[in-house]
Chemist: 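First, the structure itself, so that you have it in front of you.
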Amino acid sequence: MSLRETLRVMVVDDMSVSRALISQSLDEIGIKNHVTESDSRAALGKLSANPVHLVISDMHMPGMSGLELLAALRQNRTTQRIGFILITGTPSPEVLRQGQELGLNNLVRKPFTSVTLKSSIERVVGKL
């Protein structure tokens, strides 16, 4: 089985259109084993109970931002090694610095394409 077939991904974004675009890109890449979550706190609970290999998360969400979700994942022994890609339209130097301190694996700038998303994923998990 290829990595593409076994990789488990969770997409976390409060905007349904964004979740759909990311999911569509994952399908185009050939990653079929992905789930979506609209609420970062709910995502944290699900990930603690059933970790995935990779989280692709929006930065700006109500309640808990993408960086706050990353921080919470890194503090939990069960989820601390999950790969994490942040998606944002405004990757400020402060967001990059905070992300690096928290163990962010990669960042994708909006708008993105399936090609740029695949490249970002491969930098985290290896060749698909």
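All figures in this text were calculated on a predicted structure; none of them were measured in a lab.
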Chemist: Donor-acceptor pair, distance only, cut-off 3.5 Å: does the side chain of Arg109 make one with the backbone of Thr88?
Modeler: no
Chemist: Show the atom names and distances, to 0.1 Å, of all donor-acceptor pairs under 3.5 Å that link a side chain in residues 57-67 to residues at least two apart or in another chain.
Modeler:
unit_1: Asp58; atom_1: OD1; unit_2: Lys110; atom_2: NZ; d: 3.1
unit_1: Ser65; atom_1: OG; unit_2: Leu67; atom_2: N; d: 3.4
unit_1: Ser65; atom_1: OG; unit_2: Glu68; atom_2: N; d: 3.1

Chemist: For the atom pair CG (Leu3) and NE2 (His53), what is the distance rounded to the nearest 0.5 Å?
Modeler: 8.0 Å
Chemist: Check whether Ile29 and Val125 end up in the same hydrophobic cluster, where Ile, Leu, Val, Met, Phe, Trp and Tyr are linked by side-chain heavy atoms less than 4.5 Å apart.
Modeler: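 Yes, it is one cluster - the side chains of Ile29 and Val125 are joined through contacts under 4.5 Å.
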Chemist: Under a 3.5 Å distance rule, please check whether Lys32 uses its side chain to pair with a backbone N or O of Glu5 as donor and acceptor.
Modeler: no
Chemist: Do Leu117 and Leu107 sit in one hydrophobic cluster, given that two such residues count as connected whenever their side-chain heavy atoms are within less than 4.5 Å of each other, even indirectly?
Modeler: no
Chemist: May I ask you to say whether Lys46 pairs ionically with Glu37, meaning some side-chain N is under 4.0 Å from a carboxylate O?
Modeler: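 A salt bridge links Lys46 with Glu37.
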Chemist: Any heavy-atom pair between the side chains of Val12 and Val55 that's under 4.5 Å?
Modeler: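 Answer yes - side chains close enough.
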Chemist: Under 3.5 Å, which donor-acceptor pairs do the side chains of residues 94-102 form with other protein atoms, sequence neighbours left out?
Modeler:
unit_1: Glu94; atom_1: OE1; unit_2: Arg97; atom_2: NE; d: 3.2
unit_1: Glu94; atom_1: OE1; unit_2: Arg97; atom_2: NH2; d: 3.2
unit_1: Glu94; atom_1: OE2; unit_2: Arg97; atom_2: NH2; d: 2.5
unit_1: Arg97; atom_1: NH1; unit_2: Glu101; atom_2: OE1; d: 3.0
unit_1: Arg97; atom_1: NH1; unit_2: Glu101; atom_2: OE2; d: 2.4

Chemist: If you measure from NE2 on His34 to CG on Leu26, what distance do you get to the nearest 0.5 Å?
Modeler: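 One gets 5.0 Å once the value is rounded to the nearest 0.5 Å.
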Chemist: How would you list, by chain and number, every residue that makes a side-chain hydrogen bond (donor to acceptor under 3.5 Å, both in side chains) with Thr113, sequence neighbours excluded?
Modeler: Thr116
Chemist: Below 4.5 Å, heavy atoms only, C-beta onward: do Val11 and Val35 meet side chain to side chain?
Modeler: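 Answer no - side chains too far apart.
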Chemist: When you group the ILVMFWY residues by side-chain heavy-atom contacts below 4.5 Å and let the links chain together, are Leu47 and Leu54 in the same group?
Modeler: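 Different clusters: Leu54 never reaches Leu47 through Ile, Leu, Val, Met, Phe, Trp or Tyr contacts under 4.5 Å.
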Chemist: Just verifying a value: how many Å separate Met1 CE and Leu7 CG, rounded to the nearest 0.5 Å?
Modeler: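 Rounded to the nearest 0.5 Å, the CE-CG separation comes to 12.5 Å.
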Chemist: Are Arg19 and Met15 close enough that some pair of their side-chain heavy atoms sits under 4.5 Å apart?
Modeler: no
Chemist: Are Leu104 and Leu44 connected into the same hydrophobic cluster when the rule is that any two of I, L, V, M, F, W, Y join if their side-chain heavy atoms are below 4.5 Å apart?
Modeler: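 In one cluster: yes.
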Chemist: Of all heavy-atom pairs between Glu28 and Ser114, which one has the smallest distance, and what is that distance?
Modeler: OE1-OG, 2.5 Å
Chemist: For Arg8, is the CZ atom crowded, meaning more than 12 foreign heavy atoms sit under 6.0 Å from it?
Modeler: yes
Chemist: Ser23: which residues meet the side-chain hydrogen bond (donor to acceptor under 3.5 Å, both in side chains) condition with it, sequence neighbours left out?
Modeler: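 Residues passing side-chain hydrogen bond (donor to acceptor under 3.5 Å, both in side chains) with Ser23: none at all.
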Chemist: Under the side-chain hydrogen bond (donor to acceptor under 3.5 Å, both in side chains) test, which residues partner Arg41, sequence neighbours left out?
Modeler: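 Arg41: no side-chain hydrogen bond (donor to acceptor under 3.5 Å, both in side chains) contacts found.
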Chemist: Rounded at 0.5 Å granularity, tell me how far CG in Asp13 sits from OG1 in Thr36.
Modeler: 9.5 Å
Chemist: To the closest 0.5 Å, what do you measure between CZ (Phe84) and OG1 (Thr79)?
Modeler: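 The distance works out to 10.5 Å.
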Chemist: Compare every heavy atom of Val52 with every heavy atom of Ile82, then report the nearest pair and how far apart it is.
Modeler: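 Shortest heavy-atom separation between Ile82 and Val52 comes out as CG1-O, 3.4 Å.
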Chemist: Identify the two heavy atoms, one from Leu69 and one from Ser40, that lie closest to each other, and give their separation to 0.1 Å.
Modeler: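 Scanning both residues completely, I find the closest heavy atoms to be CD1-O, 3.8 Å.
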Chemist: Can you check whether Leu86 reaches Val108 side chain to side chain, under 4.5 Å on heavy atoms?
Modeler: no
Chemist: Quick one: does Ser119's side chain have a donor or acceptor within less than 3.5 Å of a partner on Val115's backbone?
Modeler: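 No, the answer is negative, given that no donor and acceptor are paired below the 3.5 Å cut-off.
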Chemist: Quiz question: by atom type and distance under 3.5 Å, do the side chains of Asp14 and Ser38 form a donor-acceptor pair?
Modeler: no
Chemist: Identify the heavy atoms of Ser48 and Thr78 that sit nearest to each other, and give their distance.
Modeler: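 So the two residues come closest at O-CG2, 3.5 Å.
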Chemist: With rounding to the nearest 0.5 angstrom, report the CG to CD1 distance, Asn106 to Ile121.
Modeler: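 Separation between the atoms: 9.5 Å.
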Chemist: Holding to side-chain hydrogen bond (donor to acceptor under 3.5 Å, both in side chains), I want the full list of residues that pass it with Asn33, two or more places apart in sequence or in another chain.
Modeler: none
